[in-house]
Number of protein chains: 2
Amino acid sequence: MKVMAAENNNLSLSKQRLRLWLRMLRASKTIENEVRERLKKTFDVTLPRFDVLAALYRHPEGLTMTALSRDLEVSNGNVTGIVDRLTKDGFVLRVPIANDRRATTVQLTPKGKGEFEIMAEAHESWIDEMMESLNEARIDEMIAVLEQLKNEAGGVE
Amino acid sequence: MKVMAAENNNLSLSKQRLRLWLRMLRASKTIENEVRERLKKTFDVTLPRFDVLAALYRHPEGLTMTALSRDLEVSNGNVTGIVDRLTKDGFVLRVPIANDRRATTVQLTPKGKGEFEIMAEAHESWIDEMMESLNEARIDEMIAVLEQLKNEAGGVE
DNA sequence: TAAATTTATTTCAAGCTTAAAATATCAAAG
DNA sequence: CTTTGATATTTTAAGCTTGAAATAAATTTA
């Protein structure tokens with residue numbers, strides 16, 4: 001009897017977790033689509049390009065291709081293409097590393113830095129607008145849960 | 001002085017909201033990547049295909065291409081390709097609509113339904129595992145916030 | 001009814017994405 | 001040294017994704 005009850009509890013809890021995951025995915029997708037569209041319309045830049053610029057902005061010393069791929073959680077081959085195009089357009093630069101001829105760091109050019117700062121300001125205000133209803137307490141709460149989730153799922157082994 | 005304080009408050013709140021968004025995106029991406037990899041390894045199916053099957057499973061009467069595209073929040077042209085491939089592999093079926101020669105509904109085949117049920121069970125257990133630390137209260141809390149967020153961002157105008 | 005507009009879908013070009021294979025270089029061990 | 005294994009990146013093929021243009025059919029309107 002107790003086992004049965006526990007099973008039933010687990011079952012509905014797992015359904016509830018699934019439901020949360022689907023909601024989270026949906027909210028993310030909605031916001032992401034909105035951001036993608038505004039980036040395109042306002043700055044004629046794609047979301048993946050924006051993401052790469054943002055990662056590099058957070059690391060003024062530059063990032064290797066591998067570090068960039070890990071930071072963005074995308075495949076290494078993927079980064080190659082985006083960086084190629086950003087390089088062609090003068091937003092980023094591949095800088096050889098002194099002691100390792102295999103690796104290069106990628107850095108923002110002054111143009112890339114300047115353009116990103118403009119986009120980042122708009123981006124922040126869009127997010128602020130889309131999350132208008134959330135106060136500080138709610139936000140801290142959410143952040144804590146998400147942090148825990150990410151570690152649990154990502155396998156910090 | 002009061003204005004100044006308010007501005008500072010707003011500024012840090014908007015940064016906090018941005019921070020939340022980035023965490024949410026990161027958690028989603030981590031879980032999504034994990035699910036994608038497991039679907040591929042376990043069932044040799046891609047995540048977009050799984051998403052389409054899931055949407056159709058929730059609507060046994062079938063969905064038009066437009067409804068499917070809206071449900072998944074992806075472009076209409078995107079759905080065409082995925083449904084094409086699922087059709088070729090015998091998972092779904094395009095069924096003409098009686099009164100409207102422009103539209104077709106898409107439905108799961110028995111094979112599609114059967115295969116999806118197997119995948120869905122595994123999928124649910126993966127999510128359960130990845131969200132092990134979240135209890136019912138936390139989950140309900142999160143769902144409420146996410147629901148609000150989605151409506152705010154998605155423009156329910 | 002004919003023309004104009006709207007709706008449903010597909011097609012297309014460009015770019016994004018992954019997983020796996022191929023290159024190239026470095027580091028370690030014999 | 002030089003082979004062996006590890007690391008960093010690019011390449012490749014297949015599939016995903018978008019936004020816009022092209023078709024086609026239904027609906028509205030003059």
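Letters go in sequence order (proteins before strands), and every chain restarts at 1.
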Participant: Please write out the pairs of protein N or O atoms and N or O atoms of nucleotides 10-13 of chain C separated by less than 3.5 Å, giving the distance to one decimal.
Facilitator:
residue, atom, partner, partner atom, Å
dT10(C), OP1, Arg94(B), NE, 3.2
dT10(C), OP1, Arg94(B), NH2, 3.3
dT10(C), OP2, Thr80(B), OG1, 3.0

Participant: According to a hydrophobic-cluster definition based on side-chain heavy atoms being under 4.5 Å apart (Ile, Leu, Val, Met, Phe, Trp, Tyr only), do Leu22(A) and Met142(B) belong together?
Facilitator: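 Same cluster.
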Participant: So, are Arg49(A) and Glu115(A) salt-bridged, with charged N and O less than 4.0 Å apart?
Facilitator: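 No, no charged N to carboxylate O under 4.0 Å.
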Participant: For Asp44(B) and dA20(C), give me the distance from atom CG to atom P, rounded to whole Å.
Facilitator: 10 Å
Participant: Could you tell me how far apart Glu34(B) (CD) and dA19(C) (C1') are, to the nearest whole angstrom?
Facilitator: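 Distance, rounded to whole Å: 15 Å.
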Participant: Start at the 5' end of DNA chain C and walk down; is the nucleotide closest to Asp100(A) or to Asn33(B) reached first?
Facilitator: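 It is Asn33(B), whose closest nucleotide lies nearer the 5' terminus.
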Participant: Do the side chain of Arg17(B) and the main chain of Met131(A) share a donor and acceptor less than 3.5 angstrom apart?
Facilitator: yes
Participant: Can you check the Ile82(A) CD1 to dT17(D) P distance for me, whole Å?
Facilitator: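 Going from Ile82(A) (CD1) to dT17(D) (P), I get 15 Å.
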Participant: By the 4.0 Å heavy-atom rule, please label Ser75(B) as base, sugar-phosphate, or nothing.
Facilitator: base
Participant: Round to the nearest Å and state the distance from Arg70(A) atom CZ to dT9(D) atom P.
Facilitator: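 Roughly 10 Å, once rounded to whole Å.
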Participant: For Leu47(A) and dC16(C), what is the distance between atoms CG and P respectively, to the nearest whole Å?
Facilitator: 10 Å
Participant: Starting from P on dT17(C), measure out to CG on Asp51(B) and report it in whole angstrom.
Facilitator: 16 Å
Participant: Under 4.0 Å: is that the gap between some side-chain N or O of Arg101(A) and OP1 or OP2 of dC26(C)?
Facilitator: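 Yes.
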Participant: Name all residues meeting the salt bridge (Lys or Arg N to Asp or Glu O under 4.0 Å) criterion together with Glu37(B); count only those two or more places apart in sequence or in a different chain, and write none if there are none.
Facilitator: none
Participant: So that I can tick it off, tell me whether Lys29(A) and Glu32(B) are bridged by a salt bridge, with the cut-off set at under 4.0 angstrom between side-chain N and carboxylate O.
Facilitator: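 So Glu32(B) does not pair with Lys29(A) through a salt bridge.
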Participant: With a distance cut-off below 6.0 Å to the six-membered ring centre and an angular limit of 45° from the axis, does Lys111(B) pair with Phe91(B) as a cation-pi contact?
Facilitator: yes
Participant: Given atom CZ of Arg102(A) and atom C1' of dT10(D), what is their separation to the nearest angstrom?
Facilitator: 14 Å
Participant: Measure from CG on Leu39(A) to P on dG15(C) and round the result to the nearest Å.
Facilitator: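 So the CG-P distance, Leu39(A) to dG15(C), works out to 17 Å.
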Participant: Going by an N to O cut-off under 4.0 Å, is there a salt bridge joining Asp84(B) and Arg94(B)?
Facilitator: yes
Participant: By nearest nucleotide on DNA chain C, pick out whichever of Glu37(B) and Arg49(A) is the more 5' one.
Facilitator: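 First, find each residue's nearest nucleotide; the 5'-ward one identifies Arg49(A).
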Participant: So, OP1 or OP2 of dT18(C): does either fall under 4.0 Å of a side-chain N or O from Thr46(B)?
Facilitator: no
